[in-house]
Protein chains: 2
Amino acid sequence: MSNRPTIIDVAERAGVSKSTVSRVLQGAGERVSAETQALVWQAIRELGYERNAVASSLRTERTFMVMLVTPDITNPFWPEVARGLQDTVEPAHYSVVLANSDWDVEREKHFLQTLRRNRFDALVINPTAVSNADLLALHIPTVVLGVGNSFPDFDVVGSDSRRGALEAFNYLYVLGHRRIGCIWGQHRAGWAQSRLDGYLDFQRQHSLPHDERLLVEAPFDRAGGHWAMRQLLALPERPTAVFAANDILAIGALEAAREAGLNLPGDLSIIGMDDIYAAAMTTPPLTTMAKSKYETGRWAAQYVLERLAGQAPESGRRRALPCQLVVRGTTAPPAA
Amino acid sequence: MSNRPTIIDVAERAGVSKSTVSRVLQGAGERVSAETQALVWQAIRELGYERNAVASSLRTERTFMVMLVTPDITNPFWPEVARGLQDTVEPAHYSVVLANSDWDVEREKHFLQTLRRNRFDALVINPTAVSNADLLALHIPTVVLGVGNSFPDFDVVGSDSRRGALEAFNYLYVLGHRRIGCIWGQHRAGWAQSRLDGYLDFQRQHSLPHDERLLVEAPFDRAGGHWAMRQLLALPERPTAVFAANDILAIGALEAAREAGLNLPGDLSIIGMDDIYAAAMTTPPLTTMAKSKYETGRWAAQYVLERLAGQAPESGRRRALPCQLVVRGTTAPPAA
DNA sequence: ACGGGATGCGGGAACGTTCCCGCAAAACAG
DNA sequence: CTGTTTTGCGGGAACGTTCCCGCATCCCGT
């Protein structure tokens with residue numbers, strides 16, 4: 001069946017020992033004369049030899065595999081992150097295996113198990129329920145995707161949502177809005193907190209009165225955004241602008257506003273967050289505070305590669321990528 | 001450093017041989033007395049032993065890895081396919097590693113190489129440039145994503161785009177449209193052909209006159225759709241409806257139409273294909289011929305698993321999943 | 001001419017499993 | 001009670017690499 005040539009076949013054909021073949025396979029740093037190198041390469045070509053990475057991994061304890069655990073690759077936020085990760089580790093000969101945790105503790109645990117069993121070299125994870133200690137027990141380079149201070153021992157890369165939210169509010173403020181609603185998602189592992197912090201920063205900064213009713217919490221999907229917007233519109237004194245904690249909520253909110261007969265952005269401004277693919281498709285196209293998704297993946301990869309190469313600080317680094325305002329069609333000064 | 005317990009440590013602790021430990025690890029089908037099983041499991045628990053999948057793979061020549069090669073996971077069509085694949089192979093203990101070919105021949109070749117080197121068990125690929133023969137040379141279970149007859153030796157799963165396109169046209173016909181434009185993407189490996197075939201079927205079926213000018217070929221992106229729609233609108237006698245070969249083209253087309261001051265669907269109907277996430281976000285929301293993306297992944301996985309289990313026919317099967325019309329807001333009878 | 005450090009290469013032992021073979025004890029048939 | 005089959009388990013050889021160690025050969029300075 002599987003009669004692929006091994007390093008030994010190559011050695012025999014080239015008239016050298018397998019050690020030597022191994023050496024030329026390893027490439028630079030190994031000393032072997034130019035002529036034997038040529039001999040070996042020729043034998044390799046003639047036999048169509050390809051090194052068995054499994055055997056290699058067994059011996060070297062390196063698999064050149066990185067696992068990426070996200071809640072759901074189907075969520076439009078993640079594919080770009082995955083792509084950034086992938087593109088960056090690929091030149092270093094790493095492959096990435098994908099896992100969707102679905103915010104499920106058991107699934108997450110299960111994936112960590114296959115990670116260990118398969119001796120993958122590194123992990124990039126947007127955690128659902130694992131703790132700092134859980135990840136420490138892995139003893140491999142790990143990068144956490146997201147924010148917060150729950151993972152002091154690891155490199156954490158994410159977007160500076162707090163600042164992003166603050167800037168989104170400030171943008172609305174500068175436009176002239178004073179009564180601003182805020183739709184935020186139900187805390188999953190508390191990561192929605194950062195936006196809320198941004199909101200509070202904003203209120204303090206401008207000494208705005210705090211009105212609990214302007215703060216609506218909803219499930220993190222389109223229907224949630226829709227529902228939340230209806231709450232806001234039902235207020236006796238409705239907001240002139242609304243910030244939504246992500247684009248999906250914003251899109252739901254936008255639908256609700258349009259259904260209510262509002263003219264956007266004349267009657268109401270809406271600003272989202274993330275800048276997913278669909279954000280540009282709405283009518284009017286959604287103004288949003290963009291996150292650098294691809295860059296997130298890139299940095300995660302960068303950190304992983306550094307740790308893999310052993311050249312990284314002991315302590316965890318954190319990189320909060322700046323958000324960027326993308327002004328499209330859903331924001332304008334409030335009606336006079 | 002890595003002092004994880006091995007099967008031998010377990011054996012010693014349980015007072016049995018490593019063969020026996022291996023047997024209980026393999027589970028069902030292996031005969032070992034209930035009491036020794038208990039002993040072994042206890043030792044495993046106490047030591048926190050976890051089997052080394054790499055060593056296992058070396059011996060058994062099975063890695064329990066499936067590679068998925070798509071052009072670009074960032075393209076909104078693919079994440080769902082990936083998810084369907086993943087969800088289906090996971091219960092059988094397979095992991096999936098992701099690769100983005102970017103329609104680049106070299107990248108594609110490179111990934112097939114790492115597939116071979118790493119001895120992955122199976123491949124699911126949306127081919128860019130590889131041939132039937134290339135895939136045959138792999139000697140592993142392979143499923144081709146897409147359509148066409150270029151891969152007679154493999155299981156092929158995709159959507160019945162030809163029929164889908166035909167039905168889309170028929171839907172427009174039934175609405176009353178007679179002059180229908182068609183925007184199709186530049187053939188990449190000729191896969192756009194199926195839609196064109198559907199168009200031709202349609203013309204034959206209704207004995208419509210063939211007008212080359214109604215057929216516009218454009219790059220497969222939003223700008224392409226935009227450009228193509230401008231061509232169609234510039235026609236002396238412009239179409240009352242337009243079919244676009246995928247949603248991204250359709251969204252571009254929709255933008256162009258709206259910019260031209262047309263009222264949708266009153267002045268013009270547009271129908272897309274795929275039903276990506278963003279299709280429902282446009283204004284009006286896009287009517288489209290949906291493809292079963294998740295199901296595509298599911299079936300691919302199904303076929304892969306069957307072949308992996310050795311229970312599959314010699315010859316390649318092909319499964320063309322039916323498309324489904326999703327009527328939203330961009331289609332209506334033509335203006336009187 | 002001779003000792004000593006490079007340099008190039010081979011031999012064999014790992015790495016942690018699984019699988020084949022064989023042996024003892026237990027179960028069973030006559 | 002003997003002879004044969006079944007059952008439970010151990011010993012050791014693979015799987016295909018890499019890595020350590022050691023032995024020649026060669027070059028160079030004195």
Side-chain angles (χ1 to χ4, degrees), chain A residues 1-41 43-44 47-65 93 114 116-121, chain B residues 1-41 43-44 47-65 93 114 116-121:
Chain A
M1 187 72 203
S2 171
N3 273 341
R4 304 207 235 185
T6 77
I7 211 177
I8 298 185
D9 300 320
V10 174
E12 279 173 9
R13 176 149 200 140
V16 299
S17 76
K18 59 187 163 49
S19 307
T20 302
V21 176
S22 177
R23 266 187 282 263
V24 345
L25 248 17
Q26 317 233 31
E30 295 288 336
R31 304 166 313 181
V32 36
S33 80
E35 37 197 343
T36 37
Q37 277 197 36
L39 240 52
V40 169
W41 281 118
I44 287 177
L47 291 173
Y49 167 80
E50 280 181 313
R51 127 209 270 143
N52 184 332
V54 175
S56 177
S57 293
L58 178 59
R59 185 68 238 244
T60 61
E61 313 221 295
R62 297 198 67 175
T63 54
F64 287 92
M65 298 267 166
H93 306 292
T114 77
R116 289 188 305 259
R117 279 210 214 294
N118 288 87
R119 305 301 198 255
F120 292 154
D121 289 336
Chain B
M1 184 76 203
S2 172
N3 274 340
R4 304 207 235 183
T6 76
I7 211 177
I8 296 186
D9 301 321
V10 174
E12 279 173 9
R13 175 150 201 140
V16 298
S17 77
K18 59 188 164 48
S19 308
T20 303
V21 176
S22 177
R23 266 187 283 261
V24 346
L25 248 16
Q26 318 233 35
E30 296 286 336
R31 306 166 311 182
V32 37
S33 81
E35 36 197 344
T36 37
Q37 279 197 35
L39 240 51
V40 169
W41 281 119
I44 286 177
L47 291 173
Y49 167 81
E50 281 181 312
R51 127 209 270 146
N52 184 331
V54 175
S56 176
S57 292
L58 178 59
R59 184 69 239 243
T60 61
E61 314 222 293
R62 297 198 69 176
T63 54
F64 286 91
M65 298 268 167
H93 305 291
T114 78
R116 289 188 305 258
R117 279 210 212 294
N118 288 87
R119 306 300 198 256
F120 292 154
D121 289 338

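Note on naming: letters A, B, ... go to the chains in the order of the sequence lines (proteins, then strands), and numbering restarts at 1 for each one.
The interatomic distance linking A:Arg116 (CZ) with C:dG16 (C1') rounds to 18 Å, in whole Å. Remark: C1' of D:dC19 and CD1 of A:Ile7 are 12 Å apart, rounded to the nearest angstrom. The distance from atom CG of A:Leu25 to atom P of D:dT17 is 8 Å, rounded to the nearest whole Å. Across the protein-nucleic acid pair, B:Asp9 atom CG and C:dG16 atom C1' stand 11 Å apart, rounded to whole Å. Distance, A:Tyr49 OH to D:dG16 P: 10 Å, rounded to whole Å. Nucleotide D:dG16 holds its P atom 8 Å from the CZ atom of B:Arg119, rounded to whole Å. Separating the CZ atom of B:Arg62 from the P atom of C:dC19 is a distance of 11 Å, rounded to the nearest angstrom. Atom pair A:Glu61:CD and D:dC19:C1' shows a separation of 12 Å (rounding to whole Å applied).
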Practice task
Take A:Asn52 and B:Arg119, measure what side-chain contact (heavy atoms from CB on, under 4.5 Å) needs, and give me the verdict at the end.
Solution key: CA-CA 7 Å; A:Asn52 184 332; B:Arg119 306 300 198 256; 3.7 Å; yes
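Residue A:Thr6 is classed as a sugar-phosphate contact, given heavy-atom separations below 4.0 Å to backbone atoms only. B:Ser22 comes within contact range of at least one nucleobase, with a heavy-atom separation under 4.0 Å.
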Would you tabulate the pairs of protein nitrogen or oxygen atoms and nucleotide nitrogen or oxygen atoms of nucleotides 24-27 of chain C closer than 3.5 angstrom?
none

Handout entry: B/S/- contact track for nucleotides 5-14 of chain C, protein heavy atom under 4.0 Å
Key = ---BBBBBBB
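For the helix from C:dA1-D:dT30 to C:dG30-D:dC1, the rotation axes defined at the first and last 5 base pairs enclose an angle of 30°, given to the nearest 10°.
Of the side-chain N and O atoms in A:Gln26, one or more sit less than 4.0 angstrom from OP1 or OP2 of D:dC19.
Note that OG1 of B:Thr114 is 5.5 Å distant from CZ of B:Phe120, once rounded to the nearest 0.5 Å. Here OG of B:Ser22 is found 11.5 Å from CD1 of B:Ile8. Values are rounded to the nearest 0.5 Å.
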